[in-house]
2 protein chains.
Amino acid sequence: MAARTVQDTAAHPARKRGRPTADERASRRQHVLDEALGVFLEHGYANATVEQLARAGGVTKRTIYAYFGDKAGVFSEMVRSLATTVSSLAPDGDTLESLATRIVYRLHSAELVGLHRLVIAESMRFPELAQTLHDNGDARHIARLAEHLADERPADAAGLAPSLFILLLGEEHRKRLLGLVPAISEESAHTHAQAALATLGLERSPLAAMPLD
Amino acid sequence: MAARTVQDTAAHPARKRGRPTADERASRRQHVLDEALGVFLEHGYANATVEQLARAGGVTKRTIYAYFGDKAGVFSEMVRSLATTVSSLAPDGDTLESLATRIVYRLHSAELVGLHRLVIAESMRFPELAQTLHDNGDARHIARLAEHLADERPADAAGLAPSLFILLLGEEHRKRLLGLVPAISEESAHTHAQAALATLGLERSPLAAMPLD
DNA sequence: AAATAATGACACTGTCCCGTATCATTGTAT
DNA sequence: ATACAATGATACGGGACAGTGTCATTATTT
């Protein structure tokens, strides 16, 4: 086992003791979940210790056990919390191209790639989390794409949406999952999205696509 | 930590003691690697113990340490051994469609999906294995597809190959990585491949595509 | 044949970490 | 106010596992 060299997330300013106020208690729990992702990403699920989760969240082991039962509980709640966040990124009222760009950008982010890795790795032990992530991630994105496609391609929108989705991710995202490439920039996310649309013959109307100068 | 309920891979017929013959020694090492995949898939890399790897391979811990140094050594050599196998599945002399079908089928297999999961999960700790797997997997498949495409689409073969590749995997393969669907049948791999080709306008020539009866 | 190398079987030490207990401390309930 | 609940700090028992040591056993080398 690799020696644990680093001091982990530098200890917070040593919270005061005693029972927390009602407000505080509500936020503490979420704070633990937020910080948990970093711990799991750094060490992996199995190697992460409850002690590390506690320190990162600014609480003690006791509180972790009181709140979540055990490490699996922290992991489950963390994934569920993040999963519901994934799909909530649609300003509603954008073009197919801007939607596609946002999907590309978000799904290449370090946060979501890391989450995806963790859930894939533990999919045998936490199958319901895999389902949750897919339902709130891929499934919703594909549904959104299908809505937009319905306007432009009423005929084969349903069949085209999944194809568009995976073209948006592309081989780049597979490399990303393997850690072979860094997170994508917003700009290249845009050109990437355009390329995917073009591959399916979905580029903007010829007039809009003309040179701008 | 989850209680280890199962007895693991049922102990082999208790190999005799003493120094093995030269032939035997050569094969023993490979046998350990072959059996290691099952152990890692069942428990995950971090939870798998050297003792389990030893029992599955029909050797003792001592031999594991003598052969591979430690658990990481077993994992590395196992991945490398499997990676070189991944790409060696081209009978050479088949159509684009048959090549596509074989890629779809193989990459959906339990073995390769499991390997992929493991390498993704440990990509931070074993980055060179991720690179190896990609070089011997995706990269070669894309290159092969590009060769075939060069015949039919000399113009944009290079750009089209990655798109075709990920369309071949499709959303199905993402679900597969998450453990949400079982391995695909050879038949549905074929129809899946045909659909991907059609999406890019690469279906067979009209004559060949006509009904056969 | 004698020495050496590799292995199985087994024991053993040290470490890590889980989960709980104890006690002081601080907010909440009544 | 007074009892109670939740928390931090700390300690600790128990289990699991890594990695090594020892000895008997069997090939290989010379």
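Computation of the quantities below employed the complete heavy-atom set of this structure, encompassing side-chain atoms and omitting hydrogens, waters and symmetry-equivalent molecules. Residue numbers begin at 1 in each chain, while the letters A, B, ... track the order of the sequences.
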Relative to each other, are the rings of B:His173 and B:His116 parallel, tilted or perpendicular (30° and 60° limits)?
tilted
Please report the shortest heavy-atom distance between A:His141 and A:Val86, naming the atom on each side.
NE2-CG1, 3.9 Å
How close or far is atom C1' of D:dG19 from atom CZ of B:Phe68, stated in whole angstroms?
17 Å
Give the rounded distance in Å between these two atoms: CG of A:Leu53 and P of C:dG19.
12 Å
Rounded to the Å, how far apart are A:Lys61 NZ and C:dC16 C1'?
11 Å
First of B:Tyr65 and B:Thr21 reached from the 5' end of DNA chain D, by closest nucleotide:
B:Tyr65
Below 4.0 Å: OP1/OP2 of D:dA6 and any side-chain N or O of A:Arg28
no
Once you round it to whole Å, what is the distance between C1' of D:dT10 and CZ of A:Arg62?
12 Å
Salt-bridge contact A:Arg140-A:Asp135 (side-chain N to carboxylate O under 4.0 Å)
no
Any salt bridge linking B:Arg55 with B:Glu51? Criterion: basic side-chain nitrogen under 4.0 Å from a carboxylate oxygen.
yes
d(CZ, B:Arg55; P, D:dC17) in whole Å:
10 Å
Closer than 4.0 Å, any side-chain N/O of B:Tyr67 to the OP1 or OP2 of C:dA6?
no
Spacing of B:Asp23 atom CG relative to D:dA27 atom C1', expressed in whole Å
12 Å
Round to the nearest Å and state the distance from B:Asp70 atom CG to D:dC17 atom C1'.
14 Å
Should A:Thr63 be listed as having a side-chain N or O under 4.0 Å from OP1 or OP2 of D:dG8?
yes
Which whole-number value in Å describes the distance from A:Lys71 NZ to C:dC17 C1'?
9 Å
Under 4.0 Å: is that the gap between some side-chain N or O of A:Arg25 and OP1 or OP2 of D:dT7?
yes
